[in-house]
Protein chains: 2
Amino acid sequence: MFDLDVRSRKPIYEQLVDKLKELIMNDVLKVDEQLPSVRTLAQQLTINPNTIQKAYRELETQGYIYSIKGKGSFVNATVKSVNTEKLEKVKKELIRLLTEAMYLGVTSNELETIISDIESSLGGGSSID
Amino acid sequence: MFDLDVRSRKPIYEQLVDKLKELIMNDVLKVDEQLPSVRTLAQQLTINPNTIQKAYRELETQGYIYSIKGKGSFVNATVKSVNTEKLEKVKKELIRLLTEAMYLGVTSNELETIISDIESSLGGGSSID
DNA sequence: TTACTGTATTATTATTATTAGTACAGTTTT
DNA sequence: AAAACTGTACTAATAATAATAATACAGTAA
(Lines give C-alpha, C1' and ligand atoms only; values in the text may rest on other atoms or scores of the structure.)
Protein backbone atom coordinates (compact mmCIF):
# COMPACT_ATOMS: atom_id res chain seq x y z
CA MET A 1 0.00 0.00 0.00
CA PHE A 2 2.88 2.33 0.78
CA ASP A 3 6.11 2.41 -1.10
CA LEU A 4 8.60 4.43 0.86
CA ASP A 5 12.03 5.47 -0.29
CA VAL A 6 14.31 5.49 2.71
CA ARG A 7 17.11 7.15 0.79
CA SER A 8 15.02 9.97 -0.58
CA ARG A 9 15.83 13.53 0.39
CA LYS A 10 12.22 13.76 1.47
CA PRO A 11 11.87 12.37 5.01
CA ILE A 12 9.84 9.22 5.48
CA TYR A 13 7.25 10.98 7.57
CA GLU A 14 6.63 13.49 4.80
CA GLN A 15 6.31 10.74 2.24
CA LEU A 16 3.74 9.23 4.54
CA VAL A 17 1.90 12.53 4.83
CA ASP A 18 1.77 12.86 1.06
CA LYS A 19 0.69 9.29 0.54
CA LEU A 20 -2.07 9.50 3.11
CA LYS A 21 -3.30 12.79 1.72
CA GLU A 22 -3.51 11.15 -1.66
CA LEU A 23 -5.44 8.20 -0.27
CA ILE A 24 -7.80 10.54 1.54
CA MET A 25 -8.35 12.78 -1.46
CA ASN A 26 -8.94 9.81 -3.75
CA ASP A 27 -11.48 8.40 -1.32
CA VAL A 28 -9.46 5.27 -0.76
CA LEU A 29 -9.67 6.31 2.84
CA LYS A 30 -13.19 7.55 3.38
CA VAL A 31 -14.48 10.17 5.78
CA ASP A 32 -14.44 9.03 9.41
CA GLU A 33 -12.69 5.84 8.42
CA GLN A 34 -10.11 4.75 10.93
CA LEU A 35 -6.48 4.83 9.92
CA PRO A 36 -4.19 2.03 11.01
CA SER A 37 -2.80 2.64 14.48
CA VAL A 38 0.66 4.09 14.79
CA ARG A 39 2.02 0.81 16.10
CA THR A 40 0.29 -1.36 13.51
CA LEU A 41 1.39 0.74 10.59
CA ALA A 42 4.89 0.97 11.99
CA GLN A 43 5.06 -2.78 12.10
CA GLN A 44 3.70 -3.13 8.58
CA LEU A 45 6.21 -0.68 7.18
CA THR A 46 8.98 -1.84 9.50
CA ILE A 47 9.72 1.66 10.64
CA ASN A 48 9.59 3.33 14.02
CA PRO A 49 6.20 4.17 15.56
CA ASN A 50 7.46 7.67 16.33
CA THR A 51 7.83 8.29 12.63
CA ILE A 52 4.21 7.32 12.04
CA GLN A 53 3.12 9.50 14.90
CA LYS A 54 4.96 12.44 13.44
CA ALA A 55 3.14 11.97 10.15
CA TYR A 56 -0.22 11.66 11.87
CA ARG A 57 0.42 14.76 13.93
CA GLU A 58 1.24 16.66 10.78
CA LEU A 59 -1.90 15.40 9.05
CA GLU A 60 -3.95 16.47 12.04
CA THR A 61 -2.36 19.92 12.04
CA GLN A 62 -3.25 20.30 8.39
CA GLY A 63 -6.77 19.18 9.06
CA TYR A 64 -6.73 15.94 7.13
CA ILE A 65 -7.41 13.68 10.08
CA TYR A 66 -8.49 13.88 13.69
CA SER A 67 -7.21 11.72 16.51
CA ILE A 68 -8.89 10.59 19.68
CA LYS A 69 -6.76 9.25 22.46
CA GLY A 70 -7.65 5.65 23.15
CA LYS A 71 -9.75 5.31 20.00
CA GLY A 72 -7.69 6.04 16.98
CA SER A 73 -7.11 8.41 14.08
CA PHE A 74 -9.80 9.11 11.52
CA VAL A 75 -10.25 10.88 8.21
CA ASN A 76 -11.57 14.39 8.64
CA ALA A 77 -14.58 15.50 6.64
CA THR A 78 -13.66 19.17 6.26
CA VAL A 79 -10.81 18.70 3.81
CA LYS A 80 -13.11 17.01 1.36
CA SER A 81 -14.79 20.32 0.71
CA VAL A 82 -12.10 21.13 -1.84
CA ASN A 83 -13.26 21.13 -5.41
CA THR A 84 -11.61 17.86 -6.28
CA GLU A 85 -12.92 17.85 -9.81
CA LYS A 86 -11.19 21.05 -10.76
CA LEU A 87 -8.15 19.95 -8.88
CA GLU A 88 -7.90 16.79 -10.95
CA LYS A 89 -8.08 18.77 -14.15
CA VAL A 90 -5.29 21.01 -13.03
CA LYS A 91 -3.20 18.06 -12.02
CA LYS A 92 -3.57 16.41 -15.39
CA GLU A 93 -2.70 19.60 -17.20
CA LEU A 94 0.22 19.99 -14.87
CA ILE A 95 1.58 16.57 -15.59
CA ARG A 96 1.40 17.23 -19.32
CA LEU A 97 3.22 20.51 -18.99
CA LEU A 98 5.82 19.21 -16.59
CA THR A 99 6.59 16.37 -18.92
CA GLU A 100 7.06 18.78 -21.80
CA ALA A 101 9.26 21.01 -19.69
CA MET A 102 11.50 18.16 -18.69
CA TYR A 103 11.82 16.99 -22.24
CA LEU A 104 13.06 20.49 -23.00
CA GLY A 105 15.76 20.09 -20.42
CA VAL A 106 14.27 21.61 -17.30
CA THR A 107 15.65 19.67 -14.37
CA SER A 108 13.72 18.67 -11.30
CA ASN A 109 15.90 21.02 -9.30
CA GLU A 110 14.80 23.96 -11.40
CA LEU A 111 11.20 22.91 -11.03
CA GLU A 112 11.55 22.74 -7.28
CA THR A 113 13.05 26.20 -7.31
CA ILE A 114 10.07 27.49 -9.24
CA ILE A 115 7.73 25.80 -6.82
CA SER A 116 9.41 27.20 -3.75
CA ASP A 117 9.35 30.65 -5.31
CA ILE A 118 5.64 30.41 -5.90
CA GLU A 119 5.17 28.98 -2.46
CA SER A 120 6.81 31.89 -0.72
CA SER A 121 4.94 34.37 -2.89
CA LEU A 122 1.70 32.78 -1.76
CA GLY A 123 2.63 33.26 1.86
CA GLY A 124 3.87 29.74 2.34
CA GLY A 125 1.36 28.50 4.84
CA SER A 126 0.59 25.01 3.67
CA SER A 127 4.02 23.48 3.43
CA ILE A 128 5.56 21.76 6.35
CA ASP A 129 9.04 22.87 5.52
CA MET B 1 23.39 38.47 -7.43
CA PHE B 2 22.78 35.27 -5.50
CA ASP B 3 20.19 34.89 -2.82
CA LEU B 4 20.84 31.67 -0.99
CA ASP B 5 18.63 30.12 1.65
CA VAL B 6 20.88 28.44 4.16
CA ARG B 7 17.95 26.82 5.91
CA SER B 8 16.42 25.33 2.79
CA ARG B 9 16.21 21.59 2.45
CA LYS B 10 17.99 22.04 -0.83
CA PRO B 11 21.73 22.17 -0.19
CA ILE B 12 23.53 25.42 -0.87
CA TYR B 13 25.63 23.90 -3.63
CA GLU B 14 22.50 22.79 -5.46
CA GLN B 15 20.96 26.21 -5.13
CA LEU B 16 24.14 27.55 -6.65
CA VAL B 17 23.96 25.05 -9.49
CA ASP B 18 20.40 26.08 -10.25
CA LYS B 19 21.15 29.77 -10.03
CA LEU B 20 24.18 29.55 -12.28
CA LYS B 21 22.28 27.44 -14.81
CA GLU B 22 19.64 30.12 -14.87
CA LEU B 23 22.21 32.87 -15.40
CA ILE B 24 23.83 30.87 -18.17
CA MET B 25 20.57 30.08 -19.90
CA ASN B 26 19.41 33.67 -19.70
CA ASP B 27 22.70 34.85 -21.20
CA VAL B 28 23.56 36.86 -18.13
CA LEU B 29 26.69 34.77 -18.20
CA LYS B 30 27.71 34.51 -21.83
CA VAL B 31 29.54 31.75 -23.65
CA ASP B 32 33.21 31.50 -22.68
CA GLU B 33 32.73 34.17 -20.05
CA GLN B 34 34.73 33.50 -16.94
CA LEU B 35 32.89 32.71 -13.77
CA PRO B 36 34.09 34.12 -10.48
CA SER B 37 36.80 31.98 -8.94
CA VAL B 38 35.84 29.56 -6.23
CA ARG B 39 37.62 31.63 -3.64
CA THR B 40 36.23 34.96 -4.78
CA LEU B 41 32.66 33.75 -4.94
CA ALA B 42 33.04 32.03 -1.59
CA GLN B 43 34.12 35.30 -0.07
CA GLN B 44 31.29 37.23 -1.68
CA LEU B 45 28.69 34.77 -0.45
CA THR B 46 30.48 34.21 2.85
CA ILE B 47 30.41 30.46 2.43
CA ASN B 48 33.12 27.87 2.16
CA PRO B 49 35.14 27.58 -1.06
CA ASN B 50 34.60 23.84 -1.03
CA THR B 51 30.88 24.43 -1.43
CA ILE B 52 31.52 26.56 -4.50
CA GLN B 53 33.84 23.95 -5.90
CA LYS B 54 31.24 21.29 -5.46
CA ALA B 55 28.74 23.38 -7.40
CA TYR B 56 31.26 24.07 -10.17
CA ARG B 57 32.17 20.41 -10.40
CA GLU B 58 28.51 19.55 -10.76
CA LEU B 59 28.03 22.20 -13.45
CA GLU B 60 31.03 20.83 -15.31
CA THR B 61 29.68 17.29 -15.07
CA GLN B 62 26.41 18.45 -16.54
CA GLY B 63 28.20 20.28 -19.30
CA TYR B 64 27.30 23.82 -18.37
CA ILE B 65 30.84 25.01 -17.76
CA TYR B 66 34.40 23.92 -18.33
CA SER B 67 37.31 24.51 -15.99
CA ILE B 68 40.99 24.92 -16.71
CA LYS B 69 43.41 24.54 -13.87
CA GLY B 70 45.25 27.78 -13.26
CA LYS B 71 42.95 29.79 -15.52
CA GLY B 72 39.40 29.55 -14.32
CA SER B 73 35.91 28.25 -15.05
CA PHE B 74 34.00 29.29 -18.12
CA VAL B 75 30.56 29.00 -19.65
CA ASN B 76 30.30 26.12 -22.07
CA ALA B 77 28.85 26.70 -25.51
CA THR B 78 27.24 23.31 -26.03
CA VAL B 79 24.38 23.73 -23.56
CA LYS B 80 23.13 26.80 -25.38
CA SER B 81 21.79 24.64 -28.17
CA VAL B 82 18.51 24.22 -26.31
CA ASN B 83 15.52 25.98 -27.76
CA THR B 84 15.41 28.67 -25.12
CA GLU B 85 12.47 30.47 -26.66
CA LYS B 86 10.14 27.53 -26.40
CA LEU B 87 11.53 26.76 -22.99
CA GLU B 88 10.63 30.20 -21.71
CA LYS B 89 7.07 29.83 -22.92
CA VAL B 90 6.71 26.53 -21.15
CA LYS B 91 8.17 27.97 -18.00
CA LYS B 92 5.71 30.84 -17.95
CA GLU B 93 2.79 28.52 -18.53
CA LEU B 94 4.13 26.29 -15.85
CA ILE B 95 4.29 29.07 -13.30
CA ARG B 96 0.70 30.02 -14.03
CA LEU B 97 -0.49 26.47 -13.65
CA LEU B 98 1.54 25.77 -10.56
CA THR B 99 0.17 28.86 -8.92
CA GLU B 100 -3.37 27.79 -9.69
CA ALA B 101 -2.68 24.30 -8.37
CA MET B 102 -1.32 25.60 -5.11
CA TYR B 103 -4.26 27.91 -4.65
CA LEU B 104 -6.41 24.80 -4.95
CA GLY B 105 -4.51 23.24 -2.10
CA VAL B 106 -1.84 21.19 -3.80
CA THR B 107 1.19 21.28 -1.55
CA SER B 108 4.76 21.57 -2.68
CA ASN B 109 5.32 18.07 -1.42
CA GLU B 110 2.68 16.72 -3.73
CA LEU B 111 4.15 18.64 -6.62
CA GLU B 112 7.55 17.20 -5.92
CA THR B 113 6.05 13.75 -5.88
CA ILE B 114 4.51 14.37 -9.28
CA ILE B 115 7.81 15.65 -10.57
CA SER B 116 9.77 12.69 -9.33
CA ASP B 117 7.21 10.37 -10.87
CA ILE B 118 7.60 12.05 -14.23
CA GLU B 119 11.33 12.09 -13.80
CA SER B 120 11.59 8.36 -13.30
CA SER B 121 9.20 7.71 -16.18
CA LEU B 122 11.50 9.72 -18.42
CA GLY B 123 14.49 7.64 -17.43
CA GLY B 124 15.69 10.05 -14.78
CA GLY B 125 19.14 10.88 -16.05
CA SER B 126 19.42 14.60 -15.55
CA SER B 127 18.87 15.03 -11.86
CA ILE B 128 21.80 15.15 -9.52
CA ASP B 129 20.03 13.31 -6.75
C1' DT C 1 -8.37 -6.28 34.21
C1' DT C 2 -6.39 -6.72 29.75
C1' DA C 3 -5.37 -5.01 25.46
C1' DC C 4 -5.84 -1.93 22.58
C1' DT C 5 -5.61 3.31 21.13
C1' DG C 6 -2.91 8.26 21.00
C1' DT C 7 0.60 11.11 23.15
C1' DA C 8 4.97 12.62 25.21
C1' DT C 9 9.77 12.56 26.41
C1' DT C 10 14.69 11.62 26.41
C1' DA C 11 18.69 9.60 24.53
C1' DT C 12 21.16 7.56 20.82
C1' DT C 13 22.40 6.56 16.13
C1' DA C 14 23.07 7.62 11.24
C1' DT C 15 23.33 10.50 7.47
C1' DT C 16 24.82 14.40 5.13
C1' DA C 17 25.78 19.25 4.08
C1' DT C 18 29.04 22.44 5.38
C1' DT C 19 33.10 24.19 7.22
C1' DA C 20 38.05 24.26 8.12
C1' DG C 21 42.61 23.62 6.95
C1' DT C 22 46.11 22.23 4.05
C1' DA C 23 48.42 20.91 0.01
C1' DC C 24 49.50 20.51 -4.87
C1' DA C 25 49.39 21.83 -9.86
C1' DG C 26 48.95 25.04 -13.56
C1' DT C 27 48.63 30.10 -15.36
C1' DT C 28 49.44 34.96 -15.44
C1' DT C 29 51.74 39.04 -14.11
C1' DT C 30 55.35 41.61 -12.40
C1' DA D 1 62.26 33.78 -10.98
C1' DA D 2 58.81 35.08 -7.82
C1' DA D 3 54.37 36.38 -6.42
C1' DA D 4 49.61 35.99 -6.90
C1' DC D 5 46.34 34.21 -8.91
C1' DT D 6 43.53 29.95 -10.82
C1' DG D 7 41.38 24.80 -10.14
C1' DT D 8 41.70 20.46 -7.65
C1' DA D 9 42.09 17.03 -3.90
C1' DC D 10 41.96 15.33 0.57
C1' DT D 11 41.03 14.63 5.53
C1' DA D 12 38.91 15.99 9.74
C1' DA D 13 35.60 18.37 12.43
C1' DT D 14 31.08 20.54 13.00
C1' DA D 15 26.08 21.12 12.62
C1' DA D 16 21.60 19.88 11.65
C1' DT D 17 18.17 16.57 11.49
C1' DA D 18 15.70 12.26 10.43
C1' DA D 19 15.03 8.02 12.46
C1' DT D 20 15.36 4.72 16.05
C1' DA D 21 14.99 2.97 20.74
C1' DA D 22 12.95 2.64 25.02
C1' DT D 23 9.74 4.13 28.21
C1' DA D 24 5.84 6.06 30.27
C1' DC D 25 1.24 7.97 30.74
C1' DA D 26 -3.73 8.59 29.46
C1' DG D 27 -8.01 7.29 27.48
C1' DT D 28 -11.18 3.50 25.30
C1' DA D 29 -13.18 -0.95 24.65
C1' DA D 30 -13.52 -5.76 25.24
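By convention in this document, chain letters (A, B, ...) are assigned in the order of the sequence lines, proteins followed by strands, and residues within each chain are numbered from 1.
As rounded to whole Å, 12 Å separates atom C1' of C:dT27 from atom NZ of B:Lys69. The interatomic distance linking B:Lys54 (NZ) with C:dA20 (C1') rounds to 15 Å, in whole Å. Distance CG (B:Leu41) to P (C:dT19): 12 Å, rounded to an integer number of Å. Regarding B:Phe74, its CZ atom lies at a distance of 17 Å from the P atom of C:dG26, rounded to whole Å. At whole-Å resolution of the value, OH in A:Tyr66 and C1' in C:dT7 are 18 Å apart. Rounded to an integer number of Å, the gap from OH of A:Tyr56 to P of C:dT5 is 10 Å. Straight-line distance from the CD1 atom of A:Ile52 to the P atom of C:dT5: 13 Å, rounded to whole Å.
Within 4.0 Å of A:Glu60, counting heavy atoms only, lie sugar-phosphate atoms of the nucleic acid but no base atom. Residue B:Arg57 is out of contact with every strand shown, counting any heavy-atom pair closer than 4.0 Å.
Counting only distance, with no hydrogens or angles, the side chain of B:Gln15 and the backbone of B:Asp5 share a donor-acceptor pair below 3.5 Å. Proximity of a side-chain donor or acceptor of A:Glu60 to a complementary backbone N or O of A:Ser67 within less than 3.5 Å is detected.
Running 5' to 3' along DNA chain D, contacts with non-hydrogen atoms of chain A at under 4.0 Å begin and end at D:dA18 to D:dA29.
Hydrophobic clustering (ILVMFWY, side-chain heavy atoms < 4.5 Å, transitive): A:Ile52 and A:Leu4 are in one cluster.
Contact detail for B:Asn50 and B:Asn48: the closest heavy-atom pair is N-OD1, 2.8 Å. The shortest heavy-atom contact between B:Lys71 and B:Gln34 is O-NE2, 3.1 Å. Taking every heavy atom of both residues into account, B:Ile24 and B:Tyr64 meet most closely at CD1-O, 3.9 Å. Considering all non-hydrogen atoms of both residues, B:Tyr66 and B:Asn76 come closest at CD2-CA, 4.0 Å.
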With 3.5 Å as the limit, what N/O pairs link the protein to nucleotides 1-4 of chain C?
none

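Judged by closest nucleotide on DNA chain D, B:Gln34 is the one of B:Gln34 and B:Asn50 placed further toward the 5' end. Map A:Arg39 and A:Gln15 each onto its nearest nucleotide of DNA chain D; the residue landing nearer the 5' end is A:Gln15.
Atom NZ of A:Lys19 is separated from atom CG of A:Leu45 by 11.5 Å, given to the nearest 0.5 angstrom.
In this structure, A:Ile65 and A:Leu29 have side chains that are not in contact, with every pair of non-hydrogen atoms separated by 4.5 Å or more.
Under 3.5 Å, the side chain of B:Asn48 and the base of C:dG21 form no donor-acceptor pair of N or O atoms.
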